[in-house]
Amino acid sequence: MLDIRLIREQSDFVKSRLTARGGGDETKIDELLQIDAERRKNETALQQLSAERNKLSKEIGAKRSRGEVADDLEARVRKIGDEMIDLTSRTNELEGKQKDLLLRIPNLPHGNAPLGKDAGANSVVRSWGEKPKLNGKVLDHVALGTKLKLFDLERAAKLSGSGFICFTGAGAKLERALINFMLDLHAREHGYLEVSPPFLVRRDCMIGTTQLPKFEEDMYGLENGELFLAPTAEVPVTNLYREEILAVVDLPKKFVAYTPCFRREAGSAGRETRGIIRVHQFDKIELVKIATPEDSYDEHEKLTADAERILQLLGLHYRVIELCTGDLGFGSAKTYDIEVWSPGQNDYLEVSSCSNFEDFQARRMNLRYKDADGKNRFCHTLNGSGVALPRLFAALIESGQQEDGSIRLPEILLPYFGEAKIDGHR
RNA sequence: GGUGAGGUGGCUGAGUGGUCGAAAGCAGCGCUUUGCUAAAGCGCCGUACCUCAAAAGGGUACCGAGGGUUCGAAUCCCUCCCUCACCGCCA
């Protein structure tokens, strides 16, 4: 949520930054300003009436306690009360409208973000490693997984429809090994606090991290719209401290969480849907930080590096992309995507999206900290996958495939997987 | 799911219709005095919003949330949420 004061005082700046995103949201600003002006006018009038009423009511109280009657005063107060009724409902209506509009306007891109209207304008910041040299016919993850019985997509569809995975045998064990490997690395070496949050969250949390109100059709909801299946651990973890005031010495807070993620993927049918690349339920390790505004961009770089480390230790080739203004997510001011190389797709796959939301989410969830001067200020929030599983799984088995049909696994996984390769004998 | 108790400022905790944004204590901040890590005294010490060019000042709202009664609600009524205890059911 943007600061209404910023919109009021620097509306041209806000409009131009929204224009850079290309969503057409800049057109909402004038309407918003008009509502805001009328709302404040009403509020001021209302407060004056209220002040008058309070004053007279006190006089009535004083008279009564002296045993006098105050019929004339009471009549006047009653009249003021009547006047206030209309004004109050009008003001509430305006307030509701303003809030709703504000919740639907995206964040402003960071000043340095490359300008552009879509993914074509994103820029490659760096890349690491090299594409693996594979001998023989290169199989994609679906062929490999089917042959080695690592997952069973047809039977998963029998259970839940298309877009679901059922890992089996060595595949299920590899999934578990990867989860533990990533969790351990971030918790032990990168200093994140491991949390295992609820997967079902309230509507307020979904609003806090910007999934709602705008993207409700992409979410799985339960119980009359009260609870939602979290589409990412970002939701429960970032909201952990909602409506709290944190001590500045406790920042930054760093969390790592493993959760399944649930997404309807409405409207993406047919796009990159082969195999386990885009599904309705997938596992993900998520990194979340709560930081001061002064440190957040530093923390953003570090968070991205922490996520990259996973791919480095697994020896997988990847690149880091900086998203242009037009490709940025709704709440993000700056985002790096990490894309791992998939020999099977002959393309890069996004396995992490590391974003700095600045105070956009914090303002929605009223997450603040007390600074050195004792002033309450909004925190900055950040998150990124560290990393998403099915795509990592696919890239890993594709990159490790051997001519004899087995899959060689990176050494770092040995303590977690217990074997150096998957050969299909079990 | 049932029954009961309860939700007041950073914390503890008073307050059952008017002068209560809220006693008192603790914690915190400032000053004074004495002074070996400490004590005593005095003062300050919530948040949001509106108004104001800004500061000062003024105003409004907030005692879990929302609604109602009333000239006036922390206080009375209704609904909901949450916490605790016990019972039931259950992985």
- Task: Return the nucleotide paired to B:G57: Watson-Crick means purine N1 to pyrimidine N3 with N6-O4 or O6-N4, wobble means G-U with N1-O2 and O6-N3, both under 3.5 Å.
- Result: B:U51
- Under 3.5 Å on both distances, the Watson-Crick or G-U partner of B:C20: none
- Query: Counting distance only, does the side-chain N/O of A:Gln401 pair as donor-acceptor with the main-chain N or O of A:Glu398 below 3.5 Å?
  - Reply: yes
- Query: Counting only heavy atoms not in A:Arg242, do more than 12 sit closer than 6.0 Å to its CZ atom?
  - Reply: yes
- In whole angstroms, the gap separating C1' of B:C71 from CD1 of A:Ile80 amounts to 10 Å
- Message: By the 4.0 Å heavy-atom rule, please label A:Arg8 as base, sugar-phosphate, or nothing.
- Response: sugar-phosphate
- Task: Check the distance between B:U70's C1' and A:Arg78's CZ and give it to me in whole angstrom.
- Result: 9 Å
- Provide the distance between the two C1' atoms, one in B:A27 and one in B:G46, to the nearest whole Å. 15 Å
- Task: Measure from the side chain of A:Thr44, starting at C-beta and using heavy atoms only, and say which of B:U51, B:C71, B:C49 lies closest.
- Result: B:U51
- What's the closest nucleotide to the A:Arg40 side chain, out of B:C82, B:G72, B:C50? B:C50
- Message: Work out how far the P atom of B:C45 is from that of B:A22, and round it to whole angstrom.
- Response: 11 Å
- Task: Please confirm whether the backbone N or O of A:Gly116 pairs with a side-chain atom of A:Thr325, one donor and one acceptor, at under 3.5 Å?
- Result: yes
- Within this structure, what is the CD-to-P distance between A:Glu244 and B:C11, rounded to whole angstrom? 11 Å
- Message: Let's test this: given Watson-Crick or G-U wobble pairing with both distances under 3.5 Å, identify the partner of B:U69.
- Response: none
- Let me know which of A:Asp283, A:Ile285, A:Val387, A:Leu314 forms a side-chain contact (heavy atoms from CB on, under 4.5 Å) with A:Leu178. A:Leu314
- Message: Between B:G66 and B:G9, how many Å separate the two P atoms, rounded to a whole number?
- Response: 15 Å
- Query: Partner of B:C82 by Watson-Crick or G-U wobble geometry, both contacts under 3.5 Å, or none?
  - Reply: B:G6
- Message: Tell me the interatomic distance from A:Leu73, atom CG, to B:G18, atom P, rounded to whole angstroms.
- Response: 18 Å
- Message: Whether A:Arg203 contacts B:C81 is assessed here as follows: a side-chain N or O lying under 4.0 Å from the phosphate OP1 or OP2. Is that the case?
- Response: no
- Message: Ring-plane angle category for A:His280 and A:Tyr220, please: parallel below 30°, perpendicular beyond 60°, tilted otherwise.
- Response: perpendicular
- Task: Check the distance between B:G72's P and A:Glu59's CD and give it to me in whole angstrom.
- Result: 15 Å
- Validation row, ring centre A:Phe393 to ring centre A:Phe167 under 6.0 Å: yes
- C1' atom, B:C44 versus B:C82: distance in rounded Å? 35 Å
- Query: For B:G1, which nucleotide in any strand shown is its Watson-Crick or wobble partner with both distances under 3.5 Å?
  - Reply: B:C87
- Does NZ or CZ of A:Lys173 fall inside the cone over A:Phe417's six-membered ring, less than 6.0 Å from its centre and within 45° of the axis? yes
- Message: Rounding to an integer number of angstrom, what distance separates B:A39 and B:A23 when you compare their P atoms?
- Response: 25 Å
- Which nucleotide, B:G18, B:C50, B:U60, lies nearest any side-chain atom of A:Asn54? B:U60
- Query: Relative to the 5' end of RNA chain B, which residue comes earlier, A:Asn376 or A:Ala51, by the nucleotide with the nearest heavy atom?
  - Reply: A:Asn376
- Message: Among B:A48, B:C49, B:C71, which nucleotide has an atom closest to any side-chain atom of A:Glu43?
- Response: B:C49
- Proximity to the side chain of A:Arg5 - top-ranked nucleotide from B:C49, B:C50, B:G18: B:C49
- Note on the structure: Taking a pair to mean Watson-Crick or G-U wobble geometry with both distances below 3.5 Å, B:A14 pairs with none
- Note on the structure: Result for 5'-nearest mapping on RNA chain B, choosing between A:Arg64 and A:Lys41, is A:Lys41
- Residue A:Arg39, side-chain heavy atoms: nucleotide from B:C50, B:C82, B:G72 that is nearest: B:C50
- Message: Any strand counts, and the cut-off is 3.5 Å on both contacts for Watson-Crick or G-U wobble. Which nucleotide pairs with B:G35?
- Response: none
- Query: Which part of the nucleic acid does A:Arg76 contact within heavy-atom distance under 4.0 Å: base, sugar-phosphate only, or nothing?
  - Reply: nothing
- Integer-rounded Å distance: B:U69 P and A:Asp82 CG: 12 Å
- Query: Using atom C1' of each nucleotide, how far apart are B:U16 and B:C77 to the nearest Å?
  - Reply: 14 Å
- What's the CD1-P distance between A:Ile60 and B:G72, to the nearest Å? 8 Å
- Query: When the C1' atoms of B:A74 and B:A85 are considered, how many whole Å apart are they?
  - Reply: 26 Å
- Message: Are A:Tyr336 and A:His300 an aromatic pair, judged by ring center distance below 6.0 Å?
- Response: yes
- Task: State the pairing partner of B:C29; accept Watson-Crick or G-U wobble contacts with both distances under 3.5 Å, and report none otherwise.
- Result: B:G43
- Message: Work out how far the C1' atom of B:A73 is from that of B:U19, and round it to whole angstrom.
- Response: 15 Å
- Write down the distance between CE (A:Met84) and C1' (B:G72), rounded to a whole number of angstrom. 12 Å
